[in-house]
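Working notes, structure below.
Counting convention: from 1, in listed order, for ligands and their atoms alike.
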Amino acid sequence: MPFVQRSGLNIRSRNRLHFSVNTNYQQILQEIYEETLPLKGQGKVADYIPALANVFPGHYGIAIQTLSGETFQVGDAEVPFSIQSISKVFVLSMVFKELGEELWSRVGREPSGSSFNSLILLETENGIPRNPFINAGALVTTDCLLSIKKEPCSEILQFVRGLSNNPTINYNNHIAESEKKTGFRNAALVNFMKGFDNIKNDVDAVLDVYFHQCSLMLNCVDLAHAFLFLANGGVNPWNQESILTASQAKRVNALMQVCGLYDDSGEFAFTVGLPGKSGVGGGVVAVIPNLLSICVWSPQLNKHGTSLAGMKALELFTTKTGISIF
Ligand code: GLU
């Protein structure tokens, strides 16, 4: 067993409490995979940059990593993809660790109810983004990282490599470059917030780090590994390093629950019922505190930028296992 569960309810104690759960994860993954295959062809692959538009739309993979050390996977779970906004959870964790409560003077903790790249609320809310997962909020956390780390891109890489227990993870510079060429709204957001003095560093430097973090290439197994610290009271189970305090990990999970899927967050809470984070590359990661993390990747998206099969697979996962935080 590569690591130790920190605390909390485990499956055995849940059974003692008479929860009816099914932990035959491999069989459940296989069933989910087959039941959701018909969703292929129904969504739309992100097409704002060629590197995403050219991804094979039929890719589909799922991976689970449990705190007891088991990995389960199905389909293309070992094919790397661009994690896009899933990276916002990593950067938020890095700055929350360093800045603590001070961070919340720069970014809020409320759902925005608008799309991931909206500018609308910033005008009336003095350049303070609603939460760290919409683009405006993520640009602020990236700006915070630039203020506390000399080499933010290499620090992000080390952080993600450590969490995923995979030293080969890297950026896709081609994707980062394309994001830069087309990132007009992100440039508008960061300039607009600079006008409110809520961006402290050079706008191009902030955008460069943001576009790189979005271009990180991980597969479903890597991401299930990398999110496990949020199921483990903030401790990286691969090396026992404390990434966040238990209270901070709880708060990051709470933010994912209410804002992790932008204006699809209510639907995700309703149908899946877990803290989660999506990216327009088609990945969705969800966490069951004290138990496991799960990543689904299918690049075809719904109109909110959520992976269509990803959302359905996670809904089926909580339904079939009977495991939920609610
Ligand atoms: N690179 C995308 C953007 O900033 C990320 C959006 C997402 O994954 O939701 O526009």
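Within the structure, every pair that satisfies the salt bridge (charged side-chain N to carboxylate O under 4.0 Å, His left out) test and touches residues 102-117, not counting sequence neighbours, is listed here: R106-D143.
Protein residues with a heavy atom closer than 4.0 Å to ligand 1 are Y48, Q84, S85, F116, N135, E179, N186, Y210, C214, Y262, G279, V280, listed by chain and number.
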Exercise answer: donor-acceptor pairs, residues 265-287 side-chain atoms, under 3.5 Å, sequence neighbours excluded:
| residue | atom | partner | partner atom | Å |
| --- | --- | --- | --- | --- |
| S265 | OG | L261 | N | 3.0 |
| S265 | OG | Y262 | N | 3.2 |
| S265 | OG | Y262 | O | 2.7 |
| T271 | OG1 | E267 | O | 2.9 |
| K277 | NZ | G260 | O | 2.9 |
| K277 | NZ | Y262 | OH | 3.3 |

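R130 is linked by a salt bridge (charged side-chain N to carboxylate O under 4.0 Å, His left out) to E125, counting only residues two or more places apart in sequence or in another chain.
Note: H212 and Y171 have perpendicular aromatic rings, judged against thresholds of 30 and 60 degrees for the angle between ring planes.
Remark: K180 NZ is loosely packed, at most 12 non-hydrogen atoms of other residues, nucleotides or ligands lying under 6.0 Å away.
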**Q.** Intermediate values then yes/no, side chain to side chain donor-acceptor pair (under 3.5 Å), E179 and S215
**A.** CA-CA 8 Å; E179 299 269 357; S215 83; over 6 Å; no
